[in-house]
Every structure is written in structure tokens, then in C-alpha cells.
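Data first, discussion second: the structure below is written as C-alpha cells.
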Amino acid sequence: WKYSLDNDVYIFQKYVEPTTCKELSLEGKRVWWDVCDPTWWWQPELCRQIAGHVTGIIASNEALAADLREWLDDETPIHVIPDRLELEHFPLKREHGTQVPMRFIWYGIAQNRVALIAALVNLERLVVNGHAIELTILDDKPDQVWKPTDMFPIYHSRWTLDQENEVIANHDIALLPLYPGPWGRVKSNNKMLTATACGLPHTDGQDYQELEALVLSPQKRRRQVEMYTDSLHRDYMVEKSARQW
């Protein structure tokens with residue numbers, strides 16, 4: 001990997017070679033490690049080396065920072081900068097009415113489709129109770145078809161940055177179950193923020209009554225979006241990070 005020494009500060013996301021951190025630090029540069037996943041669970045020795053050569057660490061949420069601090073247990077500074085959005089990227093908003101079928105969407109990377117298993121039984125209950133639904137999976141491997149049920153249609157679409165707003169806003173409900181176990185507890189809320197920016201309510205699909213109410217009531221869908229939009233504008237605009245940092 002080639003890098004220039006013309007800069008004063010270097011920020012590496014997710015992963016960086018420890019030798020790169022060390023070389024930059026010896027040149028008097030400030031080096032920050034930006035983490036959004038608990039990499040230290042799987043590569044503890046490598047992460048200790050990285051942490052030993054950086055100026056500090058940035059975590060994407062408080063739970064991740066707390067886990068990192070408990071694991072690292074030294075004086076390396078850890079700051080939390082939440083994921084935030086530029087609303088200019090999301091000009092399209094869903095207009096909610098009485099849609100049939102009700103269109104759910106999940107988005108992420110293909111290896112994380114496993115999270116959808118948590119919501120599958122309640123999606124099937126919706127169908128048994130007479131609700132027409134369909135699910136779109138928006139990720140990086142649409143050619144790898146995932147078909148855990150025949151009770152409702154499942155479509156696959158490839159995620160791209162320039163089309164994510166258009167695709168998501170063409171659906172009714174963002175289905176965003178947490179990743180299994182402790183992993184889900186250290187993930188940021190960026191998927192929920194994206195849903196709100198596109199005008200969609202979001203649900204983890206675990207509460208059947210809540211899920212059915214969202215399907216039945218466009219008013220409930222609109223109210224949830226309005227509530228979370230207030231929070232988005234107050235706490236999750238990228239300008240807030242720019243002002244602070």
C-alpha cells in the first residue's frame with residue numbers, strides 16, 4: 001500500500017496494517033483508527049498491535065466503544081462519532097397509502113442475510129392472516145438467491161450508492177432485524193437512519209401486532225416516519241459531526 005507523507009492526520013477505516021500505523025507515527029503523524037465492527041473479537045493480537053501505534057480510536061456507537069474499552073483496557077483515547085447522513089443524498093421520500101401488496105425491503109451485505117431469519121415467522125403469519133406481502137433483498141450478491149419460504153415473493157436487487165434512495169423509497173416498510181446475539185448490540189443505527197431519510201418506517205419484525213399495524217395503517221407508517229425524522233434532523237445530520245470535530 002502506498003501513501004503520501006504530505007498529510008498531518010491519517011484516518012483508517014475498519015482495518016490497517018500495524019506496520020503502516022507505526023511508520024506514520026514515527027514520522028510524527030497523527031493516526032486514527034475508525035471502527036464500526038468488533039474486529040478485536042476475531043483478530044485480537046492484530047488489533048492490539050494497531051491500537052498500540054495509533055493516536056486514538058473512533059467508534060460508531062456507544063456500545064461498540066464500551067466493548068472496545070473493556071477489551072483494550074489501556075489509555076488509548078476512544079471517541080464516539082455516530083453515523084450521520086447528508087439529506088441531499090435522499091431527495092425521494094415514500095408517499096404512504098393503501099398499497100397491495102405491502103412491500104418490505106432489507107438492505108445490507110449478503111453475508112448478513114442471516115438476520116432475516118428472526119423475522120421470517122412473522123412475515124409468514126402475515127400471509128396466513130390474509131395480507132399480501134413481498135420482500136426485496138438489496139445487497140451486493142443478488143445472483144445468490146435466498147429463498148427460505150414459498151409463502152410470499154422474494155426479489156433480489158443489487159445495491160449501488162446512486163440508486164439506493166430510489167430503490168428503498170419504492171417500498172413501504174424497512175425490515176431491519178438485529179444481527180444475532182452480541183453482534184447486534186454493537187452495531188450502529190445507520191440502516192434505520194437510511195430508512196427514515198427515504199420516508200420508510202422500520203421494524204425488526206419481532207412484534208407481530210406492531211408489524212400487522214404497520215401493514216394495515218398508512219397513518220401509522222407516516223407517524224413513525226415523522227417521529228424519527230425529527231430525531232434525524234436533530235441528532236443525525238452530518239453537519240453536527242463537522243461542527244463538533
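Along the sequence shown, residues are numbered consecutively beginning with 1. All values derive from a computational prediction rather than experimental measurement.
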*Could you tell me whether Asp37 and Lys187 have a side-chain N and a carboxylate O separated by less than 4.0 Å?*
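Here Asp37 pairs with Lys187 in a salt bridge, since their nearest N and O are under 4.0 Å apart.
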*If you measure from the Lys or Arg side-chain nitrogens to the Asp or Glu carboxylate oxygens, is any gap between Glu226 and Arg223 under 4.0 Å?*
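Salt bridge: no.
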_List the residues meeting salt bridge (charged side-chain N to carboxylate O under 4.0 Å, His left out) with Asp162, not counting sequence neighbours, and say none if there are none._
none
Ignoring hydrogens, what is the shortest heavy-atom contact between [X] and [Y]? Give both atom names and the distance.
X      : Y      : value
Cys198 : Asn165 : SG-ND2, 3.4 Å
Ser188 : Asp83  : OG-OD2, 2.6 Å
His156 : Gln144 : CE1-O, 3.8 Å
Leu123 : Leu175 : CD1-CD2, 3.7 Å
Leu87  : Ala197 : CD2-CB, 4.1 Å
Ala213 : Lys220 : CB-CD, 3.5 Å

*Does CD belonging to Glu70 count more than 12 external heavy atoms closer than 6.0 Å?*
no
Close side-chain approach of [X] and [Y], heavy atoms under 4.5 Å:
X      : Y      : value
Trp106 : Asp139 : yes
Tyr208 : Leu126 : yes
Arg94  : Asp172 : yes
Ile137 : Leu116 : yes
Trp71  : Cys47  : yes
Leu232 : Phe90  : no
Tyr15  : Thr39  : no
Trp41  : Pro182 : yes

Expected list for residues 50-59: side-chain donor-acceptor pairs under 3.5 angstrom, two or more places apart:
unit_1, atom_1, unit_2, atom_2, d
Thr55, OG1, Val31, N, 2.9
Thr55, OG1, Val31, O, 3.4

_All pairs passing ring pair (Phe, Tyr, Trp, His ring centres under 6.0 Å) where residues 226-245 contributes a residue, at least two apart_ = His79-Trp245, His202-Tyr228
*Is a donor on one side and an acceptor on the other found under 3.5 Å between the side chain of Arg69 and the backbone of Asp74?*
yes
*Arg103 (side chain) donor-acceptor with Glu134 (main chain) under 3.5 angstrom*: no
*Compute whether any side-chain donor of one residue and acceptor of the other, for Thr194 and Glu164, lie under 3.5 angstrom apart.*
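Short answer, no.
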_Go through it in stages, so that I can follow the logic: the residues are His131 and Leu216, the test is side chain to side chain contact (heavy atoms under 4.5 Å, CB included), and I'd like the CA-CA distance, side-chain angles, deciding distance and then a yes or no._
CA-CA 9 Å; His131 304 292; Leu216 288 170; 3.5 Å; yes
_Walk me through whether Val167 and Thr160 qualify under side chain to side chain contact (heavy atoms under 4.5 Å, CB included)._
CA-CA 10 Å; Val167 174; Thr160 63; over 6 Å; no
